[in-house]
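Below, chains carry the letters A, B, ... as their sequence lines are ordered, and counting in each starts from 1.
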Amino acid sequence: MSEELEPRYDTKEVEERIYRLWEKSGFFSAEGGSASGGNPDKRKPYCIIMPPNNANGLLHMGHAVGLTLQDILIRFWRMRGRKTLWLPGADHAGFETQVVFDKKLDKEGRNRFAMSREELWKEIWDFTQENKKKMYEQTKKLGASCDWSRETFTLDPKIIETVYETFEKLYKDGLVYRDLKVINWCPKHRTALSDLEVKYVEREDPLYYIKYGPLTLATVRPETKFGDTALAVNPKDKRYTKYIGKEIEVKGILGLLKFKVVGDEAVDPKFGTGVVKVTPAHDATDFEIWQRHKNEIPGLKIIINEAGKLTGEVGEYAGLKVAEAREKIAAKMQELGILEKVETNYKHQVATCYKCGNTLEPLPRPQWFVKMKPLAEPAMKAVKTGKVKIHPKRSEKVYSHWLKNIRDWNISRQIVWGIRIPAWFCISCGESKINAKIKSKWFIIRHGETDWNKEFRMMGKEDIPLNEAGRKQAHEIAKKLKAYNIDLIIASDLLRSKQTAEAIAKETGAEVIFDKNLRERDVGKWQGKLRDEIEQEHGKDVWKMWRDYSFDIAGGESWAGLEKRVWESFSGHKSAHSHRNIAIVTHGGVIRMLRKRIRNLSPDEAMDIRGLENTGFIELDISERCNKCGGDLYEQDPDVFDTWFSSGQWPFATLLKSGSSKSKVKNQKLKIRSDFETFYPTDVMETGYDILFFWVARMVMLGLYRTGKVPFKDVYLHGLVRDKDRQKMSKSKGNVIDPLGVADIYGTDAVRMALVVGNTAGNDIVISEDKIRGYRNFATKIWNVARFVLMAADERGLNAEKHGKSRRGLVLSKEDEKDLAQLKKIQSQVTKHIEKFEFHLAGGKIYHYVWHTFADKIIEASKPRLSGGNSKDAEAAYFKLETILIESLKMLHPFMPYVTEEIFQKFRPEKMLIVEKW
RNA sequence: GCGCGCUUAGCUCAGUGGUAGAGCGACUCGUUUACACCGAGUAGGCCCGGGGUUCGAUCCCUCGAGCGCGCACCA
């Protein structure tokens, strides 16, 4: 053996080669055998589920910390002979990804609200898949020894299936319910947020004292005035008891109003004047006051819309943003003399969106909620009894405190990207059904554009062909429908509809039948006329008449007549074809009438043309008949789950439906135990303390609920990564250290070590390039120690085979025995530290030992013996050095896997350090 | 308002019931064939303040100051 080592360790070459070697060895997989040898299935399991990283960007230092700590644990326990599973995954990260993607769209001058669900989904899907691929490459570069054969994405069918089962179980147990509440609404992202996603920031705003008849009240939100439905005072407040139950007359901006005064405990007599206005639609507290006084006062009066603009009965302020309206209204109140005073510099907490910082608008909206109290109880107990231990221990208090005060969890999100909520609503009566069995899907589609559409010319039953735009639209919708296995197309036989249907048939291969009863409303003598022409002839009011349900156009049809005709046709098709997936291609007027019948709309509501642009469509699901009304037409909730609802199930969802081999045989019991049986409860959950509530607490709750067992026994929380000046790393500050970038320069091992040593659980992690450089130097040190030992071996004429021969016949000096005893002690200390999650102590200890004891003292002391004349003594000295080196490599391996494996193989080419016995 | 932390060498942080340690930085010396990505050495700390428990506290208790964070429907 005279393999020369370069004086410097070439990280890049070694890292690539060694990682491939490990992958090829199969030792990453749970089935991959280990140091203990023997029957792998007898080994005690050890499992970590990797927190699925968001597939919307690249890895940063925080990820590197997590991956390093997990890899240390996994490598350690693998070397200790456990059957280890470290299951990697990625998260679709619903809202977070949507936000990232919105920014991307914005840069491209696009907007998701102008995109169809399918289109948006597909683009984000591709985007996340691309990111996922890159992220996994990075994970590998960091040396993660995870089981890639079990990689899971949060949108894998088996995960969605499990999430749906849980949702249904919760629903059946009464732990999930749909309710109308005032929820946190972000006007920018146009979705509801959970309470955890609200960031309260202190702001200074004027506090307006407004006269309400004989009373005066203080508010920061005068613009919600128009939504007031009552006034409230504390029932114990003697100043106002005489008003309770009375109606008072109030001078408002839009005239005189009458409000009832109610007594409610929620009112703090000490705040402002002790009187509040009740605006149930736009304030959660007020909503609750209304709930408590439902019989006395009117309910929701919505005056702010989803874009955060005033709407409804707000006079001239309609269309203004809340902030603009506030100023104008304040001025107006001043003018009217109803503004008593303004307290400036009033400090209060304002709810903002944690992502964009915009002020949230409380809006009433029906959403799905999880009832938390019954889930929180067992979760608290699990920690209290030590079934789940959190490191650092103090986090257990934080955890319990949060669970104690927990409120119901809104899991509905109004975005496309996510797991769609498996709730269907009966279209005629609104009854909900979870995980409905859908027999077939029906699409009612409007034809593509014609030139007459563009000119606003009445078409009626005239045969007008599609124009170029219309043909394109037809092609687009056809492509979209392809995904739904359309069996049959039923179309109006008018040319524009016919052509649209044929385009769909061409793409889907479905059969087409034509039905003249699906023709557009017969507009009689108006046919072929321009809108302006009709207006000139009949006056401006003609359109009111035109919209009238029973108005007959001379020579044509009334809406009522149309409705009768198309409903008969639709019903006939439904009884004949309800089991088939069908596309009905027809006209705007027809769709309005069908929609009116299906949804029980009033004639006025039926005139709403939203969603009925050319090739716009409505989607219907046909399921078993509704228990309540007997209808069989359903519509799925368009909302998706809060991502944390699905990732909260991650530990069991990843294991539940995966066998331990790919030989899954349908309808047959798995011969081998499933992963769930083998590895659940998992051993450790390692993640950042910032998601203790978001994720950890929810995993405990949902894990206990679904499986009856805790999802993991230990939780290790790492801190936020900061730069050397304690600043949070952020792109805008430009102080971000890219883990892969520095790994490229200094080596992965150095980065890993720098992230571990000196950092404790729950405390923020300070990293600097200087520190990484320090551990790069350490890697070089180890390398040179190995070089020295190898050179000493050369001098002894030892080749690879002779390395590690037994100590028999060797005469060890007292000093040698002492050194070896110290090594043993270090080993046991390092072992204990890792077992107790004290990675910083373990890493620090071994660093110090290798450098300042082994290299500086022991090696130095051995030099005269190695080159001295006494060959027996030199042998002994060499033996000791090699022993300490090999054992040190083992101890270091979880921390610095690459350099240790590389050196180890110089000494034991037939073995691999990754599975050496610890 | 309630809760949780932190305060130790110039900087960033470990740590222990018996008056302290690492990394980086500073200074001095050293061209010793494992390593200058090194070695030998030096300087530098009323371990936030007051009180208490203790033979003894930086460490335990208590009060306080400063800083950070989390939770909370005060309009």
C1' gap between G25(B) and C46(B), integer Å: 25 Å
Nucleotide paired to G1(B) in any strand shown, Watson-Crick or G-U, under 3.5 Å: C71(B)
In whole angstrom, give me the gap between the C1' atoms of G52(B) and A43(B). 37 Å
Counting the atoms with a prime plus P, OP1 and OP2 as sugar-phosphate, which does L207(A) contact under 4.0 Å by heavy atoms, base, sugar-phosphate, or nothing? nothing
Selection from U12(B), C37(B), C73(B) that lies nearest to any side-chain heavy atom of R407(A): C73(B)
Under 3.5 Å, is there an N or O donor on one side and an acceptor on the other linking the side chain of R776(A) and the base of C37(B)? yes
Do T352(A) and R203(A) have side-chain heavy atoms sitting under 4.5 Å apart? yes
Checking A14(B), A40(B), A75(B) against the side chain of D268(A) (C-beta onward), the nearest is A75(B)
Atom OH of Y208(A) and atom P of C74(B) are separated, to the nearest Å, by 20 Å
Under 4.0 Å from OP1 or OP2 of A14(B): is there any side-chain N or O of N763(A) that close? yes
Specify the separation, in whole Å, of atom CZ of F839(A) and atom P of G15(B). 14 Å
Provide, to the nearest angstrom, the distance between the NZ atom belonging to K857(A) and the P atom belonging to G39(B). 11 Å
Pair assignment for A40(B), Watson-Crick or G-U wobble, requiring both distances under 3.5 Å: U28(B)
Classify the nucleic acid contact of S395(A) as base, sugar-phosphate or nothing, counting any heavy atom under 4.0 Å across all strands shown. nothing
Looking at CD1 of I858(A) and CG of L823(A), how far apart are the two atoms once the value is rounded to the nearest 0.5 Å? 8.0 Å
For atom C1', what is the distance between U7(B) and G45(B), given to the nearest Å? 14 Å
State yes or no: are the ring centers of F839(A) and Y716(A) separated by less than 6.0 Å? yes
So, is T285(A) near the phosphate of A75(B), with a side-chain N or O under 4.0 Å from OP1 or OP2? no
By the 4.0 Å heavy-atom rule, please label G758(A) as base, sugar-phosphate, or nothing. sugar-phosphate
So A779(A), base contact, sugar-phosphate only, or nothing? Heavy-atom distance under 4.0 Å. nothing
Give, for atom OH of Y243(A) and atom CD1 of I248(A), the distance between the pair rounded to the nearest 0.5 Å. 7.5 Å
Could you measure between the two P atoms, the one in U12(B) and the one in A57(B), and give it in whole Å? 30 Å
Using the C1' atom on both, measure G70(B) against G18(B) and round to a whole Å. 37 Å
Between the side chains of W409(A) and D642(A), is a donor N or O closer than 3.5 angstrom to an acceptor N or O? yes
Between U28(B) and U19(B), how far apart are the two C1' atoms, rounded to whole Å? 29 Å
Would a line drawn from the ring center of Y9(A) to the ring center of Y898(A) be shorter than 6.0 Å? no
At under 4.0 Å, does any side-chain N or O of R787(A) touch on OP1 or OP2 of U33(B)? no
Just call it for Q349(A): base, sugar-phosphate, or nothing, with non-hydrogen atoms closer than 4.0 Å on any strand. base
Applying a 4.0 Å non-hydrogen cut-off, can you work out what Y775(A) is touching in the nucleic acid: base, sugar-phosphate, or nothing? nothing
Paired with C35(B): which nucleotide, if any, by Watson-Crick or G-U wobble criteria at under 3.5 Å for both distances? none
For atom P, what is the distance between C61(B) and C6(B), given to the nearest Å? 11 Å
So V267(A), base contact, sugar-phosphate only, or nothing? Heavy-atom distance under 4.0 Å. base
Rounded to whole Å, the CD-P distance (E838(A) to A22(B)) equals 19 Å
Centre-to-centre under 6.0 Å for Y399(A) and F693(A), is that the case here? no
Proximal nucleotide (of A75(B), G23(B), G39(B)) relative to the V276(A) side chain: A75(B)
Can you figure out which of C73(B), A34(B), A14(B) approaches the side chain of K781(A) most closely? A34(B)
Could you check which of G39(B), A34(B), G15(B) has an atom nearest any side-chain atom of L841(A)? G15(B)
Complementary nucleotide for C47(B) - Watson-Crick or wobble, under 3.5 Å: none
Quickly work out the D690(A) CG to C4(B) C1' distance and round it to whole Å. 15 Å
Per atom distances to the F271(A) side chain, the nearest of U12(B), G15(B), C74(B) is C74(B)
Report yes if a side-chain nitrogen or oxygen of K397(A) is closer than 4.0 Å to either non-bridging phosphate oxygen (OP1 or OP2) of G5(B); otherwise report no. yes
Testing C24(B), C37(B), G15(B) for proximity to the side chain of N777(A), the answer is C37(B)
Take D195(A) and T219(A), find for each the nucleotide of RNA chain B with the closest heavy atom, and name the residue whose nucleotide sits nearer the 5' end. D195(A)
Of G39(B), A34(B), G70(B), the nucleotide closest to the side chain of H401(A) is G70(B)
In this structure, how many angstroms lie between the C1' atom of C69(B) and the CZ atom of R722(A), rounded? 9 Å
Quote, to the nearest angstrom, the C1' distance that separates C60(B) from C47(B). 16 Å
Under a 3.5 Å limit on both distances, the Watson-Crick or wobble mate of C6(B) is G66(B)
Any base atoms under 4.0 Å from F693(A), or only sugar-phosphate, or nothing? Heavy atoms, all strands. sugar-phosphate
Consider only side-chain N and O atoms of Y346(A) and E204(A), and report whether a donor and an acceptor are under 3.5 Å apart. no
With nearest nucleotide decided by heavy atoms, which residue, K277(A) or Y689(A), maps closer to the 5′ end of RNA chain B? Y689(A)
How about T279(A) and K225(A): does a side-chain donor come under 3.5 Å of a side-chain acceptor? no
Separation of D286(A) atom CG from A75(B) atom C1', in whole Å? 7 Å
So, does N759(A) get its side chain near the phosphate of A14(B), meaning an N or O under 4.0 Å from OP1 or OP2? no
Is any N or O donor-acceptor pair between the side chain of E860(A) and the base of A34(B) shorter than 3.5 Å? yes
Can you identify which nucleotide, out of C71(B), G15(B), G39(B), has its nearest atom closest to the H840(A) side chain? G15(B)
U53(B) -> Watson-Crick or G-U wobble partner, both distances under 3.5 Å, gives none
Could you tell me the separation between the CG atom of L717(A) and the C1' atom of G5(B), rounded to a whole number of Å? 14 Å
For a quick check of understanding: with a heavy-atom distance under 4.0 Å over all strands, which category does F854(A) fall into, base, sugar-phosphate or nothing? nothing
OP1 or OP2 of A34(B) under 4.0 Å from side-chain N/O of K863(A): yes
Establish, from distance only, whether the side-chain atoms of H293(A) and D264(A) form a donor-acceptor pair under 3.5 Å. yes
Y346(A) side chain N/O closer than 4.0 Å to the phosphate oxygens (OP1, OP2) of A75(B)? yes
